[in-house]
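I have placed the structure first, in the form of structure tokens, so that the comments after it can refer back to it.
Everything numeric in this text was worked out from a predicted model, so none of it was measured. Chain A is the first sequence line, chain B the second, and so forth, proteins listed ahead of strands; every chain is numbered from 1.
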Number of protein chains: 2
Amino acid sequence: MEASKETSKRVKANSNGADPKKSELAREKILQAAKEVFSRQPYHAASLRAIAKQGGFDHPLIRYYFPTKAALFTAVVERIVLEFGDAHLIWLQDLDTLSPSQGLGLLVDRVLVYDRQYPHGTCIIMQNIAQVDRLDALPGYRLVPELFARIGSSFRKKVPLSAPEDEIDMFFSCLIAAFVNFLGAPAAHARRMGMDPASTEYAQWVRKAIMAQFVPWLGKLALPFSTY
Amino acid sequence: MEASKETSKRVKANSNGADPKKSELAREKILQAAKEVFSRQPYHAASLRAIAKQGGFDHPLIRYYFPTKAALFTAVVERIVLEFGDAHLIWLQDLDTLSPSQGLGLLVDRVLVYDRQYPHGTCIIMQNIAQVDRLDALPGYRLVPELFARIGSSFRKKVPLSAPEDEIDMFFSCLIAAFVNFLGAPAAHARRMGMDPASTEYAQWVRKAIMAQFVPWLGKLALPFSTY
DNA sequence: AACTGGTTTTACCATTTGTAAAAAAATATT
DNA sequence: AATATTTTTTTACAAATGGTAAAACCAGTT
């Protein structure tokens with residue numbers, strides 16, 4: 001019997017006494033393969049067969065766990081948005097006591113470490129970001145702007161700045177755009193300087209670039225009477 | 001008889017006495033429709049039929065002027081790269097006598113005016129930039145990194161700075177990335193602030209954002225003994 | 001050993017895609 | 001006006017895609 005509803009299958013797998021490993025593992029295997037492929041190609045260019053080949057299974061297996069391609073992509077986006085949703089809270093911890101340079105440096109380091117471990121998130125976002133004005137063509141992708149909005153309000157809360165709200169929003173927009181750009185399309189920038197997009201050399205380049213762009217600006221936004 | 005070679009048709013159209021308008025106009029009409037569609041969708045998601053519908057003709061007409069979809073996309077990319085290749089020389093004129101703030105301001109204004117008149121270039125670049133590590137899948141797209149490299153060396157020549165070459169390259173990479181990002185995917189950023197991506201309000205936002213990010217940095221890179 | 005449930009594969013379908021050739025229409029040439 | 005040439009449309013096709021159903025497989029249970 002096939003899993004028509006999102007949860008019914010998992011419930012079933014859990015309910016039949018034995019460990020739910022088999023089904024859960026297969027679902028995970030599919031999600032992982034999809035993540036891989038969707039991070040290399042935009043939604044419409046990625047095919048279910050390519051995902052199946054990537055994961056070493058046959059493409060109708062996908063349908064057993066996800067009713068449509070749209071549902072699979074949505075699940076992938078949900079996953080990475082959840083991961084970012086947890087991670088960004090940690091990224092922003094304990095920055096308020098630091099100087100602009102120290103604080104932003106710590107933030108960048110945290111993001112870079114995260115991106116090394118989970119490199120797919122930014123890539124999937126970047127692959128499809130130019131299509132955000134057609135959200136109907138990108139199932140589930142509306143979660144991405146929503147995520148950015150949430151990270152934005154976290155940022156405003158956890159990094160209190162004295163500047164007017166507009167300017168802080170602008171700063172944040174540019175910062176997150178830079179991260180998505182440099183981490184989500186590393187080849188576009190690394191190749192220009194003859195670097196390997198996956199190298200630590202490039203990661204250090206990104207660090208330096210973001211610091212150079214944003215530290216002076218952040219300094220201007222920071223509380224003038226704050227004691228670092 | 002069909003135009004197999006790129007130029008043979010045009011030559012023929014020119015050679016038969018009368019004005020070459022008909023053929024040239026049709027070719028232009030197709031290129032224009034393709035530009036429109038390719039600026040809304042990445043290469044693989046855009047179909048020849050969608051382009052034909054956009055231009056109000058039947059899709060096999062495309063093949064009469066362009067042997068394949070790849071050739072059409074290449075022609076579009078060649079076109080926008082040529083346009084940028086002319087335009088960027090003007091953008092960079094007479095900046096060297098200005099202060100970082102004045103010079104960058106003028107540059108940004110020039111780019112914004114250009115982008116308002118030719119909004120497709122940055123969009124087409126942005127739609128496909130995340131696939132730049134698979135140039136075999138994007139016919140003609142290699143011209144884009146090549147263009148960026150050329151603009152980069154123009155920048156270094158026309159805007160002489162005292163900083164080490166690495167830093168200037170880094171500055172330029174970030175600047176062009178910001179332009180491509182903000183102008184090539186305007187909806188992604190404008191919507192976040194509740195703006196219309198095509199509005200002058202958003203254009204002014206982009207101006208302010210780029211100035212805030214890059215003026216202080218440029219100040220550090222500028223010749224310390226230069227007289228503005 | 002036979003059965004039962006969940007899981008995976010095989011085979012297939014309708015649609016869309018890029019491409020192709022031939023027919024039709026429009027234009028130019030004599 | 002009749003013919004030749006160029007341009008456009010009609011029609012068709014093979015490949016790839018998302019989706020579907022049925023068969024095969026596999027693990028426990030009886």
message = Salt bridge or not between B/Asp133 and A/Arg40? Use side-chain N to carboxylate O under 4.0 Å.
response = no
ask   = Taking the nucleotide of DNA chain C with the closest heavy atom to each, which residue, A/Phe57 or B/Pro60, is nearer the 5' end?
value = A/Phe57
inquiry  = Can you measure B/Leu25 atom CG to D/dT6 atom C1' for me and round it to whole angstrom units?
reply    = 15 Å
request  = Please state how far atom CG in B/Asp58 lies from atom C1' in C/dA25, giving the value in whole angstrom units.
outcome  = 13 Å
ask   = Do A/Phe148 and A/Phe172 have their ring centres less than 6.0 Å from each other?
value = no
key: Length of the line joining B/Lys53:NZ and C/dT17:P, which is rounded to integer Å   = 10 Å
query = Nearest-Å distance, OH (A/Tyr43) to C1' (D/dT17)?
reply = 12 Å
key: Nearest-Å distance for atom pair CD1/P, residues A/Ile62 and C/dT9   = 11 Å
Candidate pair B/Tyr65 and B/Leu72, rule side-chain contact (heavy atoms from CB on, under 4.5 Å), full reasoning = CA-CA 9 Å; B/Tyr65 292 93; B/Leu72 173 60; over 6 Å; no
ask   = Which part of the nucleic acid, if any, lies within reach of B/Ala46 when heavy atoms closer than 4.0 Å are counted: base, sugar-phosphate only, or nothing?
value = sugar-phosphate
key: Atom-to-atom span, CG of B/Leu61 to C1' of C/dG18 - whole angstrom   = 15 Å
key: Rounded distance in Å - CD1 (A/Ile51) to P (D/dT17)   = 11 Å
query = Using 30° and 60° as the class limits, which term best fits the ring planes of B/Tyr114 and B/Tyr118: parallel, tilted or perpendicular?
reply = tilted
inquiry  = In this structure, how many angstroms lie between the P atom of C/dT17 and the CG atom of B/Leu48, rounded?
reply    = 9 Å
ask   = Just to confirm, is there a sub-4.0 Å distance from OP1 or OP2 of C/dA20 to any side-chain nitrogen or oxygen of B/Arg63?
value = yes
key: Within the 6.0 Å centroid threshold, strictly below: A/Tyr202 and A/Phe182   = no
request  = Test for a donor-acceptor pair under 3.5 Å between the base of C/dT19 and the side chain of B/His59, counting only N and O atoms.
outcome  = yes
inquiry  = Can you see if the side chain of B/Arg49 gets near the phosphate of C/dT16 - specifically, an N or O under 4.0 Å from OP1 or OP2?
reply    = no
ask   = Does the side chain of A/Tyr64 get closer than 4.0 angstrom to OP1 or OP2 of C/dT8 through an N or O atom?
value = no
query = Phosphate oxygens OP1/OP2 of C/dT8: is one of them under 4.0 Å from a side-chain N or O of A/Tyr65?
reply = yes
